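Inspection log for the structure reproduced underneath, given as structure tokens.
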Amino acid sequence: MTFSQKILTWYHINKRDLPWRKTRDPYKIWLSEIMLQQTRVAQGMPYYHRFVEAFPKVGDLANASEEQVLKLWQGLGYYSRARNLHATAKMVANDYQGEFPNTYKGLKSLKGVGDYTASAIASFCFDLPEPVVDGNVYRVLSRYFDVDLPINSTEGIKYFKELAREVMDSENIRDYNQGIMEFGAIQCAPKNPDCESCPLNESCLALQQNKVAQLPVKLNKTKIRNRYFNYIVLLDDDQNTILEQRKGKGIWQNLYQFPLIESEKTIQLNDLEEALIEKSELPKTESLSLYNKEPIVHKLSHQHLHTQFWVAKTSQQIENGIPWGKIDTFPVPVLVADFIKTLKI
DNA sequence: AAAACGGGGCA
DNA sequence: TGCCCAGTTTT
């Protein structure tokens, strides 16, 4: 049996019953693929169901507001995916009459659709012989063929894509692509794979050379930046508060948060009062108290956010304020959502 | 070519 | 704690 035949056989026995495997609707396949980028199936699943229910067709998603889309996406991370998702839905609905492109190149031109996702949609929906290369595939191929080129180097990316194309089964591309990813997720797992029971263990080069744990090779550890966030949670006598939308380049673009004062390190009450004077657009506050004694350290993949929440009461009526009861309608980062849940007012 | 971009699960 | 997850875009 060839490599691809073994993958297909294993897949037919071991495949999970996943909702996006029951359809060839490009809209649903695309939706699931965007959601699953750098995201575990278990984490993405509830979001997939909520999106399909809220937006059954691409036109429904196109007609939604960005806020609605971001709110449904809240907690899934990498929010550019949600913004690109919305932009692509509008493009498909308005410029392509609601039909997704049916070629690799056409798919790749969509916002948020890169090499992997274009190949996935092309093969899953249209049976086009395009190999998918995701994290699972890198792991399976690097181990089975004992390739130690770094999977995140330009050379490695090119090499693995070509290798994937050589060993794929073009006649059964849909099942083969899903199969090799499933195989990587379940059998050829990142840690402590069960090579004893593996159907490829007779011919796996990494296993023969006892190198399974060293593959795949990956370069570059991301450096972590420490940042110090002070959120000002304003409340007037009618329980109105202020949320601001994050604009610009960095994290959480277009999500909402309380007015933020960023500092060089953890600061005390008097430092904050001073900083608050400069942020003169905020109403005058009668009282200001630190909500969490120990800073909450919210960890992103490359930033640690040391966060203090300051509750500020004002007797002035907050103009255009947000009633506290409506705060849950806004898309916010998990850091902010967790605070809102714990604050009792 | 490297960095930016979230959040959660697991050993 | 460090690594990884059905990666893509920007710098």
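Computed from a predicted structure; not experimentally measured. Numbered from 1 within each chain, the chains take letters A, B, ... in sequence-line order.
Within the 4.0 angstrom heavy-atom criterion, no nucleotide atom of any strand lies near A/V132. No engagement by A/K223 is indicated, since no non-hydrogen atom pair under 4.0 Å with the nucleic acid exists. Note on A/G250: only backbone sugar-phosphate atoms sit closer than 4.0 angstrom, heavy atoms only; bases stay farther off. Note on A/R21: a base of the nucleic acid sits closer than 4.0 angstrom, heavy atoms only. Note on A/S153: nothing from the nucleic acid sits closer than 4.0 angstrom, heavy atoms only. If you check every strand for non-hydrogen atoms under 4.0 Å, A/D115 touches sugar and phosphate atoms only. Among the atoms of the strands shown, only primed sugar atoms or phosphate atoms (P, OP1, OP2) are found under 4.0 Å from some heavy atom of A/N192. Note on A/Q253: nothing from the nucleic acid sits closer than 4.0 angstrom, heavy atoms only. Among the heavy atoms of the strands, none lies under 4.0 Å from A/I151. A/L76 comes within 4.0 angstrom of a nucleotide base, judged by non-hydrogen atoms across all strands.
The side chain of A/T39 contributes no N or O atom lying less than 4.0 Å from OP1 or OP2 of B/dG8. When the side-chain nitrogen and oxygen atoms of A/W252 are compared with OP1 and OP2 of B/dG7, one or more of them lie within a distance under 4.0 Å. Residue A/H298 places no side-chain N or O under 4.0 Å from the OP1 or OP2 atom of B/dG6. Distances shorter than 4.0 Å separate none of the side-chain N or O atoms of A/H302 from OP1 or OP2 on B/dA4. A close approach under 4.0 Å does occur between a side-chain nitrogen or oxygen of A/Y79 and OP1 or OP2 of B/dG7. For the pair A/K249 and C/dT11, the criterion of a side-chain N or O lying under 4.0 Å from OP1 or OP2 is met.
Residue A/W20 places its side chain closer to C/dA6 than to any other of C/dA6, C/dT8, B/dA11. Among C/dA6, C/dC4, B/dG7, the nucleotide with an atom closest to any side-chain atom of A/L18 is C/dA6. In the set C/dA6, C/dT11, B/dG6, the nucleotide with an atom closest to the side chain of A/Q38 is B/dG6. In the set C/dA6, B/dA1, B/dG7, B/dA1 carries the atom at the smallest distance from any side-chain atom of A/T154. Nearest to the side-chain atoms of A/K191 among the listed nucleotides B/dG7, B/dC10, B/dG8 stands B/dC10. When each of C/dA6, C/dT1, B/dG8 is scored by its nearest atom to the side-chain atoms of A/V334, the top-ranked nucleotide is B/dG8.
A/R81 places its CZ atom 12 Å from the P atom of C/dA6, with the value rounded to the nearest Å. Remark: C1' of C/dT10 and CG of A/N84 are 11 Å apart, rounded to the nearest angstrom. In this structure, CG of A/L36 is placed 12 Å from P of C/dT8, rounded to the nearest angstrom. Taking atom CD of residue A/E182 and atom C1' of nucleotide C/dA6, one finds them 10 Å apart after rounding to whole Å. The distance between atom NZ of A/K108 and atom C1' of C/dT9, rounded to the nearest whole Å, is 10 Å. Here B/dG6 presents its P atom at 10 Å from CG of A/L305, a figure rounded to the nearest Å. Regarding A/L300, its CG atom lies at a distance of 11 Å from the C1' atom of B/dA4, rounded to whole Å. Atom CZ in A/R225 sits about 14 Å away from atom P in B/dA3, given to the nearest Å.
Side chain to side chain, A/Q303 and A/R227 meet the donor-acceptor criterion of an N or O pair below 3.5 Å. Using modelled atom types, one finds a donor on one side chain and an acceptor on the other under 3.5 Å when comparing A/Y144 with A/S203. No donor-acceptor contact under 3.5 angstrom links the side chains of A/N172 and A/D175, judged on distance only. The closest side-chain donor-acceptor pair between A/Y138 and A/N152, if any, does not fall under 3.5 angstrom. In the model, A/Q214 has no side-chain atom that pairs as donor or acceptor with a side-chain atom of A/K211 under 3.5 Å.
Heavy-atom nearest nucleotides on DNA chain C were determined for A/V113 and for A/R139, and the one closer to the 5' end corresponds to A/R139. Nearest-nucleotide assignment on DNA chain C puts the 5′-proximal partner with A/Q43, out of A/Q43 and A/G112.
In this structure, A/W73 has its ring center closer than 6.0 angstrom to the ring center of A/F51. Ring-centre distance between A/Y291 and A/W310: not below the 6.0 Å cut-off. No close placement of the A/Y231 and A/F339 rings is indicated, their centers lying 6.0 Å or farther apart.
Using atom C1' as the reference point in both C/dT9 and B/dG8, the two lie 23 Å apart (nearest Å). Of the P atoms belonging to B/dA3 and C/dA6, the separation is 25 Å, rounded to the nearest Å.
Residue-to-nucleotide contacts include a donor-acceptor pair under 3.5 Å from the side chain of A/S301 to the base of B/dG6. Counting atom types as modelled, A/Y116 pairs no side-chain N or O with a base atom of C/dG7 as donor and acceptor under 3.5 Å.
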